[in-house]
A.B. asks: 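One structure, pasted below without further comment.
First the proteins, then the strands, lettered A, B, ... as listed; each starts at 1.
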Amino acid sequence: MDPEIKEVLKGIKGNRDFYPEDYAEIKLIFDAMHTVSKQFGYELYEGPILEFAKLIEYKSGRALADETYRLFDREERKLVLRPEMTPSLARLISNQHQRYPKPLRWYSIPRVFRDETPQRGRVKEHFQFNADIFGVDHPAADAEIIAVTTNIIKTSGLKTGEFVCVINSRDLLQNYIEFLKISNHLDVIRIIDSKGKFVQTAIEAELKEKGSSLNEAKEHAQLLRTVWHQDPQITKVYPEIDKHPNLSSYLNKLTEIEEQEVKKAMEEANLDSAQISKLFEFSLMKGKPRDVIASLRALDVNEKITKAIDNLEELITYLEIFEVAQDCEFDMSIARGLDYYTGIVFEFLDRTGSVARAIAGGGRYDKLVEDLGGGKIPSTGIGMGETVLLSILKALNRTPPYTHPSQIYVGIIAENVIQETAEIVNKLRKSYSVLFNPFGWKLSRQLEDANSRSIPLMVIIGKRDLEENKVTLRDMKTGEQEAILLSELELKIKEKLSL
RNA sequence: GCCCCGAUAGUAUAGCGGCUAGUAUUGUGGAUUGUGGCUCCAUAGAGGCAGGUUCGAAUCUUGCUCGGGGCACCA
């Protein structure tokens with residue numbers, strides 16, 4: 001074979017082929033997305049895969065722009081393969097939202113692209129469910145988005161306790177930082193957002209000092225972080241850690257180390273000791289929504305912050321109404337990377353320990369449409385790639401085995417009954433998926449064909465039966481069959497398939 | 001961008017300096033002209049790419065490509 005062709009046949013790195021069995025797996029998730037979106041009254045839309053590079057750069061910040069696939073059109077204008085849907089969506093809304101009564105509830109399952117190194121739960125192209133509400137800034141809208149996402153995750157096969165939605169309010173965090181009279185917001189938010197990393201970095205450095213190799217130190221520090229993340233109280237025994245005596249000594253000190261390191265980083269950001277202890281305490285607040293609200297209420301703060309807390313509390317009320325509160329936690333330390341979030345932010349995390357990435361993430365972005373010249377339109381929404389959810393489901397063995405779409409195989413015995421058979425096939429196809437291979441094959445081959453595709457029922461049509469207005473209906477699993485009148489065929493099929 | 005592991009028919013694998021590259025399964029055709037899953041026969045199909053070492057490379061080696069995993073990043 002031509003070597004060049006051989007290379008081409010391998011495809012582009014990180015991009016995916018979906019054979020029917022593969023597509024069937026994703027379709028499970030797609031179906032959940034469509035079903036739930038419909039239940040909540042969301043309308044389907046789509047946008048172009050290509051956008052001007054400027055739109056993405058303008059909106060998503062540079063880090064994201066660096067990872068996009070770039071190309072040029074004939075006029076040499078810079079284009080990108082969309083790395084996410086929100087910029088395109090904001091463009092659609094900004095252009096024509098006046099045509100529609102508010103609020104808008106829209107969803108889509110766009111294929112999006114990022115030119116980054118593939119890892120578990122991360123590929124260069126994937127399908128990313130998006131659901132957004134435009135035109136209301138009521139917390140019930142944020143709660144609804146969370147409810148939609150939770151329901152999709154559950155419909156796909158995860159159960160309560162196997163995932164969690166962690167929620168925070170950027171508004172609250174920002175106002176609290178201002179209240180403490182801290183000036184360099186962004187640095188401080190970054191410190192809080194990446195809290196968990198400090199522990200890893202510190203332990204890694206210490207292990208190296210104690211003589212571990214670079215790779216070993218990295219690996220061990222990460223192991224500790226992962227365990228700690230899954231099980232903060234260290235309630236279980238971890239054999240993989242106990243194997244290394246120098247690691248197990250860290251297990252009970254992780255919380256302490258984190259505090260030290262975070263405070264050190266805050267000091268370096270020029271915070272005074274009063275600010276540090278208050279902010280640190282604040283960042284530790286997390287857990288069941290009602291509990292966190294209670295702790296927040298105990299803080300002595302100003303009116304702006306009280307309002308933000310009221311807002312959070314109202315959010316919980318709606319989470320309870322939508323029956324998803326048990327899947328949610330508040331965590332005052334999450335901030336999320338994207339610059340455009342303004343209020344409630346949230347991410348859905350795996351709790352089964354199989355994938356260390358977020359299943360979904362979203363939040364309120366009230367300024368984005370306005371920034372694109374579309375007027376003041378408060379907005380909230382979610383993005384959920386299919387890859388992380390799918391790899392969790394696979395790890396749990398929750399994906400069903402592949403089945404051929406056809407329910408009935410119509411077999412024909414090679415005599416002159418083609419015309420009559422075609423009529424029967426067409427009639428059946430009005431209600432069922434029917435496979436029919438009228439290529440002059442012998443019956444044995446047709447039986448084998450039906451069998452190899454695991455099609456449950458077979459209708460066999462031959463001249464002798466047909467003369468009495470009958471056909472044979474065969475159950476492929478049991479091998480039982482009977483000759484039945486044509487007029488009763490549909491009824492019998494219905495009975496058989498509903499078993 | 002960095003690190004680790006890997007790459008032989010569609011799939012799963014054997015060979016590890018001297019092969020007509022073995023096996024299983026899958027595909028196709030048949031044995032079997034009104035009844036499949038078994039069996040049998042036939043047939044098709046492979047060492048990612050480029051270079052180096054060597055008399056000789058699927059086998060050793062280097063680079064690249066692709067795949068898996070991790071870091072950083074991102075979410």
A.B. asks: Looking at A:Lys442, does any N or O in its side chain come under 4.0 Å of the phosphate oxygens OP1/OP2 on B:U32?
C.D. replies: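 False: A:Lys442 side-chain N/O out of range (4.0 Å or more) of B:U32 OP1/OP2.
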A.B. asks: Quick one: label A:Met476 by what it contacts on the DNA or RNA (base, sugar-phosphate, nothing), any heavy atom closer than 4.0 Å.
C.D. replies: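 If one applies the 4.0 Å heavy-atom cut-off, A:Met476 turns out to touch a base.
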A.B. asks: On RNA chain B, does the nearest nucleotide to A:Arg445 precede the nearest nucleotide to A:Ala450 from the 5' side, or the other way round? Give the residue.
C.D. replies: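 Checking each residue's closest nucleotide, the 5'-ward one belongs to A:Arg445.
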A.B. asks: Among A:His34, A:Met33, A:Glu144, which one satisfies side-chain contact (heavy atoms from CB on, under 4.5 Å) with A:Tyr42?
C.D. replies: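 Looking at A:His34, A:Met33, A:Glu144, the match for A:Tyr42 under the side-chain contact (heavy atoms from CB on, under 4.5 Å) is A:Glu144.
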A.B. asks: Could you give the CG-to-C1' distance, from A:Asp17 to B:G10, as a whole number of Å?
C.D. replies: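 Nearest whole value for this atom pair: 13 Å.
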A.B. asks: How far, in whole Å, is B:C64 from B:A9 if one measures between their P atoms?
C.D. replies: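 Per the computed distance, 23 Å lies between those P atoms.
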A.B. asks: A:Glu448 has an atom CD; how far is it from atom P of B:U26, in whole Å?
C.D. replies: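 Roughly 10 Å, once rounded to whole Å.
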A.B. asks: For B:U39, which nucleotide in any strand shown is its Watson-Crick or wobble partner with both distances under 3.5 Å?
C.D. replies: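 The base-pairing partner of B:U39, which may sit in any strand shown, is B:A31.
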A.B. asks: Please compare A:Gly383 and A:Thr478 by the position of their nearest nucleotide in RNA chain B and report the one closer to 5'.
C.D. replies: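 Here A:Thr478 is the residue nearer the 5' end.
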A.B. asks: Tell me, do A:Arg170 and A:Arg364 make a side-chain contact under 4.5 Å, heavy atoms counted?
C.D. replies: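 No, side chains not in contact.
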A.B. asks: How long is the line joining CZ of A:Arg464 and C1' of B:U33, in whole Å?
C.D. replies: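 One finds 12 Å between C1' of B:U33 and CZ of A:Arg464, rounded.
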A.B. asks: If B:G17 has a Watson-Crick or G-U wobble mate with both distances under 3.5 Å, name it; if not, just say none.
C.D. replies: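 Matched B:G17 with nothing under the 3.5 Å cut-off.
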A.B. asks: For B:U54, which nucleotide in any strand shown is its Watson-Crick or wobble partner with both distances under 3.5 Å?
C.D. replies: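 B:U54 is paired with nothing.
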A.B. asks: To the nearest Å, give me how far apart CD (A:Gln446) and P (B:U32) are.
C.D. replies: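 Rounded to the whole Å, the gap is 18 Å.
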A.B. asks: Measuring from the side chain of A:Arg114 (C-beta onward, heavy atoms only), which nucleotide among B:G34, B:G29, B:C74 has the closest atom?
C.D. replies: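 Looking only at side-chain atoms, A:Arg114 lies closest to B:C74.
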A.B. asks: Looking at A:Pro83, is its backbone amide N or carbonyl O close enough to the side chain of A:Arg114 to form a donor-acceptor pair, meaning the two atoms are under 3.5 Å apart?
C.D. replies: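 Pair found, side chain donor or acceptor close to backbone of A:Pro83.
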A.B. asks: Classify A:Asp465 by what it touches in the nucleic acid, base, sugar-phosphate, or nothing, heavy-atom distance under 4.0 Å.
C.D. replies: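 Result for A:Asp465 = base.
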A.B. asks: Roughly, in whole Å, what's the span from CD1 in A:Ile460 to P in B:G34?
C.D. replies: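 The distance from CD1 of A:Ile460 to P of B:G34 comes to 12 Å, rounded to the nearest Å.
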A.B. asks: For B:U54 and B:A46, measure between their P atoms and round to the nearest Å.
C.D. replies: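 The same atom, P, in both gives a distance of 31 Å.
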A.B. asks: Can you check the distance between B:U65 and B:U20, where both ends of the measurement are the P atom (answer in whole Å)?
C.D. replies: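 Looking at atom P only, B:U65 and B:U20 are 34 Å apart.
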A.B. asks: Rounding to an integer number of angstrom, what distance separates B:A21 and B:A31 when you compare their C1' atoms?
C.D. replies: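 Here B:A21 and B:A31 have their C1' atoms 31 Å from each other.
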A.B. asks: Expressed in whole Å, how much space separates the C1' atoms belonging to B:G18 and B:U59?
C.D. replies: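 The answer is 11 Å between these two C1' atoms.
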A.B. asks: Evaluate the salt bridge (charged side-chain N to carboxylate O under 4.0 Å, His left out) criterion for residues A:Arg445 and A:Asp449: first the C-alpha distance (whole Å), next the side-chain angles of each, then the deciding distance (0.1 Å), finally the verdict.
C.D. replies: CA-CA 6 Å; A:Arg445 177 157 178 199; A:Asp449 195 24; over 6 Å; no
A.B. asks: Quickly work out the A:Ile359 CD1 to B:A75 P distance and round it to whole Å.
C.D. replies: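 A:Ile359 atom CD1 is separated from B:A75 atom P by 17 Å.
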A.B. asks: When you compare B:A50 with B:G68, how far apart are their P atoms, in angstrom units rounded to a whole number?
C.D. replies: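 It comes out at 24 Å once rounded to the nearest Å.
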A.B. asks: When you compare B:A58 with B:G17, how far apart are their P atoms, in angstrom units rounded to a whole number?
C.D. replies: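 The answer is 13 Å between these two P atoms.
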A.B. asks: With a 3.5 Å limit on both atom pairs, tell me what B:G48 is paired to, counting Watson-Crick and G-U wobble, or say none.
C.D. replies: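 The answer is B:C64, by the H-bond criterion.
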A.B. asks: In Watson-Crick or G-U wobble terms, both distances under 3.5 Å, what is the partner of B:A9?
C.D. replies: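 The answer is none; no pair meets the criterion.
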A.B. asks: Among B:A75, B:G34, B:G36, find the nucleotide with the atom closest to the side chain of A:Asn451.
C.D. replies: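 The answer is B:G36.
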A.B. asks: Between A:Phe346 (CZ) and B:A75 (P), how many Å, whole number?
C.D. replies: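 It is 15 Å, rounded to the nearest whole Å.
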A.B. asks: Across the strands shown, which category fits A:Thr472 at heavy-atom distances under 4.0 angstrom: base, sugar-phosphate, nothing?
C.D. replies: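 Touches a base.
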A.B. asks: Looking at A:Arg16 and A:Glu25, is there a salt bridge between them, counting it only when a charged N and a carboxylate O are closer than 4.0 Å?
C.D. replies: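 A:Arg16 and A:Glu25: not salt-bridged.
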A.B. asks: Between A:Asp115 (side chain) and A:Thr68 (backbone), is there a donor-acceptor pair under 3.5 Å?
C.D. replies: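 Not at all, since once roles are kept as given, no pair shorter than 3.5 Å links the two residues.
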A.B. asks: Does CZ belonging to A:Phe18 count more than 12 external heavy atoms closer than 6.0 Å?
C.D. replies: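 More than 12 heavy atoms, drawn from other residues, nucleotides or ligands, come within 6.0 Å of this atom.
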A.B. asks: Please measure how far the P atom in B:C2 lies from the corresponding atom in B:A57, and state the result in whole Å.
C.D. replies: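 That atom pair is separated by 32 Å.
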A.B. asks: Counting any heavy atom closer than 4.0 Å, what does A:Gly411 reach on the DNA or RNA strands: base, sugar-phosphate only, or nothing?
C.D. replies: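 Nothing, no heavy atom under 4.0 Å.
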A.B. asks: How close or far is atom C1' of B:U11 from atom CD of A:Glu21, stated in whole angstroms?
C.D. replies: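 My rounded result for the distance is 11 Å.
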